Amino acid sequence: MIQPHWRLEQLETFITEEQIQQRVAELGAQISEDYRGKDLLLVAILKGSVVFLADLMRHITIPHSVDFMATSSYGAATRSAGIVRILKDLDIPILDRNVLIVEDIVDTGHTLNYLRRMLLSREPASLRVVTLLDKRARREVDVPLDYVGFEVPNAFVIGYGLDYAEFYRNLPYIAIPKEGFFDEPPEE
Ligand code: 5GP
């Protein structure tokens with residue numbers, strides 16, 4: 001059996017579950033107000049944004065639908081050139097629809113910049129972005145963010161959908177790993 005990486009004692013809570021829930025409720029209320037009477041489609045970017053999406057959509061009190069995209073970045077060099085691989089495209093056309101991209105975190109901005117350009121070429125009625133976290137200090141390309149949950153410092157964060165090696169997505173809070181978290185486990 002593969003031993004899962006699970007070191008909760010080496011994590012420092014950065015944004016609590018209560019803080020997240022309160023902010024997500026505020027974002028949902030704002031989005032409901034801004035899109036009232038309009039046809040809204042949420043486009044969530046897998047996998048990191050699924051937890052945020054699940055909470056956010058339950059705070060959106062107007063009719064809306066949901067679709068998913070999955071991306072994968074190449075190595076650092078290609079990534080800084082702004083090239084993103086689409087692993088899963090949308091199931092439905094977005095022509096003339098009001099599209100709201102749901103992101104977990106915007107870091108360098110390359111992923112979102114690529115996605116925005118790609119979706120804009122399909123001529124939606126509007127295209128906006130909601131991100132739970134904004135790691136602004138790391139931005140390399142300027143991308144407009146319409147709704148932001150929290151700004152985070154230049155540190156690797158996990159939890160509430162965000163992973164380390166595919167684990168920790170289920171934490172209900174956002175945490176920053178302490179020193180030693182990334183070390184190899186001692187030999188048995
Ligand atoms: P960008 O293209 O903006 O540099 O990268 C965005 C993607 O990188 C996010 O959607 C996320 O998957 C990943 N990412 C960026 N920063 C972090 C972080 O601090 N923690 C985790 N788990 N993923 C991150």
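On a predicted model such as this, the values are computed, not experimentally measured, just so you know. Because only heavy atoms are used, hydrogens play no part in the values below, and waters and symmetry mates are left out as well, while side chains stay in. Numbering of ligands and ligand atoms starts at 1, following listing order.
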>> Let's go through Asp89 and Arg122 carefully: what are the C-alpha distance in whole Å and the side-chain angles of both, what is the deciding distance for salt bridge (Lys or Arg N to Asp or Glu O under 4.0 Å) to 0.1 Å, and is it a yes or a no?
In response: CA-CA 12 Å; Asp89 203 340; Arg122 300 180 189 179; 2.8 Å; yes
>> Tell me the nearest of Val141, Thr111, Val152, Val157 to atom 2 (O) of ligand 1, using heavy-atom distances.
In response: Thr111
>> Can you name the atoms of ligand 1, numbered from 1 with element, that are less than 4.0 Å from a heavy atom of Asp104?
In response: 9 (C), 10 (O), 11 (C), 12 (O)
>> Quick check: Leu112 and ligand 1, any N/O pair under 3.5 Å apart?
In response: no
> After noting the C-alpha distance and the side-chain angles of Leu41 and Ile92, does the key distance pass the side-chain contact (heavy atoms from CB on, under 4.5 Å) rule?
Replying inline: CA-CA 10 Å; Leu41 171 66; Ile92 49 180; 3.9 Å; yes
> Where does Ala155 meet ligand 1, judged by heavy-atom distances below 4.0 Å: at the side chain, the backbone, both, or neither?
Replying inline: backbone
> Evaluating non-hydrogen atoms only, which member of Ile176, Ile105, Asp107, Leu133 is closest to atom 3 (O) of ligand 1?
Replying inline: Asp107
> Which of these, Arg139, Lys135, Glu166, has its nearest heavy atom closest to atom 17 (C) of ligand 1?
Replying inline: Lys135
> Counting from 1, what ligand 1 atoms have a heavy atom of Glu103 closer than 4.0 Å?
Replying inline: 10 (O)
> Out of Thr108, Leu162, Asp134, who gets a non-hydrogen atom closest to atom 23 (N) of ligand 1?
Replying inline: Leu162
> If you measure from each heavy atom of Gly109 to ligand 1, is any distance below 4.0 Å?
Replying inline: yes
>> Starting from Val143, can I reach Ile105 by hopping between I/L/V/M/F/W/Y residues whose side chains sit under 4.5 Å apart?
In response: no
> Using a distance-only test with no angle check, is there a side-chain donor-acceptor pair under 3.5 angstrom linking Tyr160 and Asp55?
Replying inline: yes
>> Suppose we screen for salt bridge (charged side-chain N to carboxylate O under 4.0 Å, His left out). Which residues come up paired with Arg139, at least two apart in sequence or across chains?
In response: Asp134
> Who's closest to atom 18 (C) of ligand 1 heavy-atom-wise, of Tyr114, Tyr168, Phe156?
Replying inline: Phe156
> When you measure from the side chain of Tyr114 to the backbone N and O of Gly109, does any donor-acceptor pair fall under 3.5 Å?
Replying inline: no
>> I'd like to know whether Lys178 forms a salt bridge (Lys or Arg N to Asp or Glu O under 4.0 Å) with Glu12, so could you lay out the CA-CA distance, the side-chain angles of the two residues, the decisive distance to 0.1 Å, and finally the verdict.
In response: CA-CA 6 Å; Lys178 295 182 199 166; Glu12 190 158 327; 5.3 Å; no
>> Below 4.0 Å, non-hydrogen atoms only: which portion of Arg138 touches ligand 1? Side chain, backbone, both or neither.
In response: neither
>> Less than 6.0 angstrom from the centroid, inside 45 degrees of the normal: does Arg128 satisfy that with respect to the ring of Tyr35?
In response: yes
